[in-house]
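Inspection log for the structure reproduced underneath, given as structure tokens.
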Number of protein chains: 2
Amino acid sequence: MAINKLELFEEGLRRNAALFKALGHPARLAVLKYLAGIKTCICGDISNELPLSRTTVNQHLKELKKVGLIKGEVEGVKTNYCINPEKVEWLEKTLTSFIEEIKTSSGIIKTEDDCC
Amino acid sequence: MAINKLELFEEGLRRNAALFKALGHPARLAVLKYLAGIKTCICGDISNELPLSRTTVNQHLKELKKVGLIKGEVEGVKTNYCINPEKVEWLEKTLTSFIEEIKTSSGIIKTEDDCC
DNA sequence: AATATATGACGTATTTTTGCGTCAAATTAC
DNA sequence: GTAATTTGACGCAAAAATACGTCATATATT
């Protein structure tokens, strides 16, 4: 893209898009699933679970942290990563309300074949 | 990326990630909102609503069509785009079930501060 | 103190995405 | 028939994402 056009869209759309984007890579979904399953914070050996190098995984962790879906807590030389429950709740609300908006403003709930 | 590593992840994650990715751009969210609001299929003048060129919008439409969230129906020289209700329903189910999986396998519902 | 380990910062190469202009084909209007 | 519209295909350039290696730093371990 020649120019960055992202700021031409309204704030809400940009925020939602950023959230979706963060979830738009299998590695990051895998990280979330893994962290969810571990429950107790593991010391950043997540890379062993994925078919990616440690530095690459680190980058994905950074992305997830950026949108707040995970937290990283330094403990000595190690770092404990875990899911941020509040953000997951917020994610769910955001997504469902967006979809609900789509569904209601289109007539999905009531009408059938109004369209096409 | 030197090599394409995507196929190293399991099918389910890849499908979900692809879906999230399609929603990971404000222009595409804007298109969805617009189509939802229009209800009746408009003849592809969506580009007038967005701060992007026609060809760029066309590309985004292609992306949305690829994941099935919208349908395009040719009518003479024009093309009518509209939201695919079934896919939106499916999207909602997919998202909520993924999030639910995260929430239950981590102990978000019951425990507090088990983690971090 | 010397060594080993864990981590993030940095740089780099490759691929993908984004954005747009141009063009050709098809259709509609005149 | 001729001109105008609408659209998708194609190609191209800039930007971002992806993947990884190397390095420096900080903390354990010996």
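Lettering follows sequence order; numbering is per chain, from 1.
- When the side-chain nitrogen and oxygen atoms of B:His60 are compared with OP1 and OP2 of C:dT17, none of them lie within a distance under 4.0 Å.
- For A:Gln59 against D:dA19, a side-chain N or O and a base N or O form a donor-acceptor pair under 3.5 Å.
- Rounded to whole Å, atom P of D:dG8 lies 9 Å from atom CD1 of B:Ile46.
- One finds a side-chain N or O of A:Lys21 lying less than 4.0 angstrom from the OP1 or OP2 phosphate oxygen of D:dA17.
- Checked for salt-bridge contact, A:Glu75 and A:Lys78 miss the test: no charged N lies under 4.0 Å from a carboxylate O.
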>> As a quick check of understanding, evaluate side chain to side chain contact (heavy atoms under 4.5 Å, CB included) for A:Leu23 and A:Leu32, giving each step before the final call.
In response: CA-CA 9 Å; A:Leu23 297 171; A:Leu32 286 179; 3.6 Å; yes
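- For A:Glu63, there are no side chain to side chain donor-acceptor pair (under 3.5 Å) partners two or more places apart in sequence or in a different chain.
- From one end of the helix from C:dA1-D:dT30 to C:dC30-D:dG1 to the other, with five pairs defining each end axis, the axis direction shifts by 20° (rounded to 10°).
- Summarising the geometry, the separation between CD on A:Glu63 and P on C:dG8 is reported as 14 Å, rounded to the nearest angstrom.
- Between B:Ser53 and B:Thr56, the shortest heavy-atom contact is OG-OG1, 3.1 Å.
- Across the protein-nucleic acid pair, B:Phe9 atom CZ and D:dT18 atom C1' stand 11 Å apart, rounded to whole Å.
- Relative ring orientation between B:Phe20 and B:Phe98 is described as perpendicular, the plane-to-plane angle rising above 60° on a 0-90° scale split at 30° and 60°.
- Between the side chain of B:Ser53 and the base of C:dG19, no donor-acceptor pair under 3.5 Å is found.
- A:Lys87 forms a cation-pi arrangement with A:Trp90, by the criterion of a distance under 6.0 Å to the ring centre and an angle within 45° of the ring axis.
- Aromatic ring pairs are classed by plane angle as parallel below 30°, tilted from 30° to 60° and perpendicular above 60°; the pair A:His25 and B:Phe9 is perpendicular.
- Contact annotation: A:His25 reaches the phosphate of D:dA19 (side-chain N/O to OP1 or OP2, under 4.0 Å).
- If you check D:dA19, D:dG8, D:dA17 against the side chain of B:Asn58, the one that comes closest is D:dG8.
- Regarding contacts with the backbone of C:dG8, a side-chain N or O of A:Tyr81 is found under 4.0 angstrom from either OP1 or OP2.
- If you find the closest nucleotide of DNA chain C to B:Lys66 and to A:Lys62, the one lying nearer the 5' end belongs to A:Lys62.
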>> Let's go through A:Ile83 and A:Leu69 carefully: what are the C-alpha distance in whole Å and the side-chain angles of both, what is the deciding distance for side chain to side chain contact (heavy atoms under 4.5 Å, CB included) to 0.1 Å, and is it a yes or a no?
In response: CA-CA 6 Å; A:Ile83 286 194; A:Leu69 281 169; over 6 Å; no
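- The separation between A:Leu61 atom CG and D:dC20 atom P is 14 Å, rounded to whole Å.
- The residue among A:Ala27 and B:Cys43 whose nearest nucleotide of DNA chain D lies closer to the 5′ end is B:Cys43.
- With values rounded to the nearest 0.5 angstrom, A:Glu92 atom CD is found 9.5 Å from B:Leu95 atom CG.
- Taking atom CG of residue B:Leu52 and atom C1' of nucleotide C:dG21, one finds them 14 Å apart after rounding to whole Å.
- The distance from atom CG of A:Asn48 to atom C1' of C:dT7 is 14 Å, rounded to the nearest whole Å.
- Between the side chain of A:Thr55 and the base of D:dG21, at least one donor-acceptor pair of N or O atoms lies under 3.5 Å.
- If you measure from atom CZ of A:Arg14 to atom P of D:dA16, you get 14 Å, rounded to the nearest angstrom.
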>> Test side chain to side chain contact (heavy atoms under 4.5 Å, CB included) on B:Lys33 and A:Ile102; report intermediate values, then the result.
In response: CA-CA 6 Å; B:Lys33 273 187 82 167; A:Ile102 296 291; 4.1 Å; yes
>> One character per nucleotide, please: for nucleotides 23-30 of chain C, 5' to 3', B when the base has a protein heavy atom closer than 4.0 Å, S when only the sugar-phosphate does, - otherwise.
In response: ---BSS--
